[in-house]
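Report on the structure given below.
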Amino acid sequence: MATIKDIARKAGVSVTTVSRALNGYDDVNEETRRKIKQVAADLSYSPNAVARSLVSKKTRTIGLIISDINRAGAKDAFAYEVLCGINDRAGELNYDLLLFSTNPSKQVEKSYASLCKERNVEGAILSGLRLDDPYLHEVVEQNSFPCVLIDIPITGANVAHVTSDSKIGATMAVRHLLEQGHRRIAMINGHNQASVSQDRYFGYKEAHEQFGLSADSSLVYDGGFSEDGGAEAMYQILIRNPDVTAVFCASDLMALGAMRTLEKMGRKVPEEMSVIGFDDITIASYCSPKLTTIRQDKYELGYQAAQLLIDMLEERTDNRKILLSNQLVVRESTRRL
């Protein structure tokens with residue numbers, strides 16, 4: 001296996017010059033740099049990443065820490081699309097990516113800082129954290145390793161976040177229903193330890209206020225961001241609030257569950273109940289009826305999170321917040337009264 005000494009000998013330059021040329025330093029003459037790169041290619045030189053990290057003190061490795069990843073979430077593929085965005089941008093910027101799965105009990109056993117140190121990552125992207133997770137409290141209080149949070153709007157010296165505008169997205173969803181003449185609109189929200197649940201509830205209220213109405217909190221049910229949770233919440237809505245004509249679901253997965261209940265109860269969508277979701281997962285455009293929803297770009301969430309973390313690691317930015325926009329996608333599951 002060729003070494004930089006072999007390259008230096010064949011190119012007729014010093015080892016230091018070879019090292020600086022291959023690592024992109026601008027004090028190396030361009031002609032010399034081209035010659036060195038050609039010799040390296042001729043010798044099939046491949047840099048030793050471990051040795052390079054020992055010298056530079058940089059591993060060029062970032063972590064993705066996902067909380068409570070499980071098979072039940074496979075249908076919405078949210079984590080997968082975020083992962084693809086992170087992986088693509090990290091690769092484009094010559095960083096490696098390590099994936100860690102965690103949960104609250106694991107977070108008590110091993111701290112965020114310990115995990116990063118043990119696995120030799122320079123910083124991490126955290127996705128799926130609950131507001132009461134130990135890791136969230138640690139990154140806020142200690143700022144030990146640079147991190148980017150997805151969908152939790154917290155910033156600090158070493159803490160940044162990337163999220164789509166859940167409040168405006170929810171406002172768009174409920175406004176769409178209001179514009180179609182609906183006035184008794186229920187909401188199936190996620191659990192209260194998700195930041196996006198709070199924002200989407202605020203959007204639900206904001207849309208009503210824009211129409212001079214007051215949102216009825218008794219029409220808001222917890223679906224836990226699961227298909228079964230959405231199904232159960234829809235059942236409760238039908239039993240307790242028979243005058244409801246539309247429902248806004250804070251995720252497409254819960255909307256699918258709600259439509260499953262409506263089908264079992266003999267209620268047609270959208271003729272007897274309009275349903276709108278949030279996320280625009282792939283299956284939303286294939287279910288029957290096709291789901292009206294708010295599209296957020298999951299891939300872009302990941303892509304921008306990787307960009308922001310690497311910018312922080314390389315001290316290229318003071319920015320600690322990226323807010324992405326959403327889009328209303330009207331399909332078949334909503335109709336005018």
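Both tests pass for R200 against the ring of F278: distance under 6.0 Å to the centre and angle within 45° of the axis.
Residue pairs meeting the ring-ring contact (aromatic ring centres under 6.0 Å, His included) criterion with at least one partner in residues 162-191, sequence neighbours excluded, are H191-F225. Listed by first then second residue, pairs satisfying salt bridge (Lys or Arg N to Asp or Glu O under 4.0 Å) with a partner in residues 273-284 read D280-R295, D280-R331, not counting sequence neighbours.
Scored by the side chain to side chain contact (heavy atoms under 4.5 Å, CB included) test, S101 finds I69 as partners (sequence neighbours excluded). Listed by chain and residue number, nothing satisfies the salt bridge (charged side-chain N to carboxylate O under 4.0 Å, His left out) test with E109 (two or more places apart in sequence, or in another chain). Residues satisfying the salt bridge (charged side-chain N to carboxylate O under 4.0 Å, His left out) criterion with E118, sequence neighbours excluded, are K110. In this view, H161 satisfies the ring-ring contact (aromatic ring centres under 6.0 Å, His included) rule with no residue, not counting sequence neighbours. Partners of F202 according to the side chain to side chain contact (heavy atoms under 4.5 Å, CB included) rule, which considers only residues two or more places apart in sequence or in another chain, are K167, Q198, D199. Scored by the ring-ring contact (aromatic ring centres under 6.0 Å, His included) test, Y204 finds H208 as partners (sequence neighbours excluded). For E31, the side chain to side chain contact (heavy atoms under 4.5 Å, CB included) partners at least two apart in sequence or on another chain are N29, R34. In this structure D216 satisfies the salt bridge (charged side-chain N to carboxylate O under 4.0 Å, His left out) test together with R184, sequence neighbours excluded. Shown here are the salt bridge (charged side-chain N to carboxylate O under 4.0 Å, His left out) partners of E209, two or more places apart in sequence or in another chain: there are none.
Here the CG-OG distance, from N326 to S166, works out to 6.5 Å after rounding to the nearest 0.5 Å.
L309 and Y299 are not part of a single hydrophobic cluster, where members link through side-chain heavy atoms under 4.5 Å apart.
Side-chain atoms of T334 and S274 include no donor-acceptor pair closer than 3.5 Å. Side-chain contact annotation: Y201 with E206, donor-acceptor N/O pair under 3.5 Å absent. Between the side chains of N103 and Q107, no donor-acceptor pair is found at a separation under 3.5 Å. Using a 3.5 Å distance cut-off with no hydrogens or angles, the side chains of T17 and S14 do pair a donor with an acceptor. Residues N87 and Y303 have side chains that never bring a donor and an acceptor to within less than 3.5 angstrom of each other.
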Which atom pairs, donor and acceptor, lie under 3.5 Å between side-chain atoms of residues 150-160 and protein residues at least two apart or in another chain?
{"residue": "D151", "atom": "OD1", "partner": "T163", "partner atom": "OG1", "Å": "2.7"}
{"residue": "N158", "atom": "ND2", "partner": "N143", "partner atom": "O", "Å": "3.1"}

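Between E272 and R335 there is no salt bridge, since none of the side-chain N atoms of the basic residue sits less than 4.0 Å from a carboxylate O of the acidic one. The pair D96-R60 does not count as a salt bridge, with every side-chain nitrogen at least 4.0 angstrom from each carboxylate oxygen. For the pair E227 and R260, the salt-bridge criterion is met [side-chain N within less than 4.0 Å of a carboxylate O].
Each of T292, L262, L177, L256 was evaluated against V275; a single residue qualifies, L262, per the side chain to side chain contact (heavy atoms under 4.5 Å, CB included) test.
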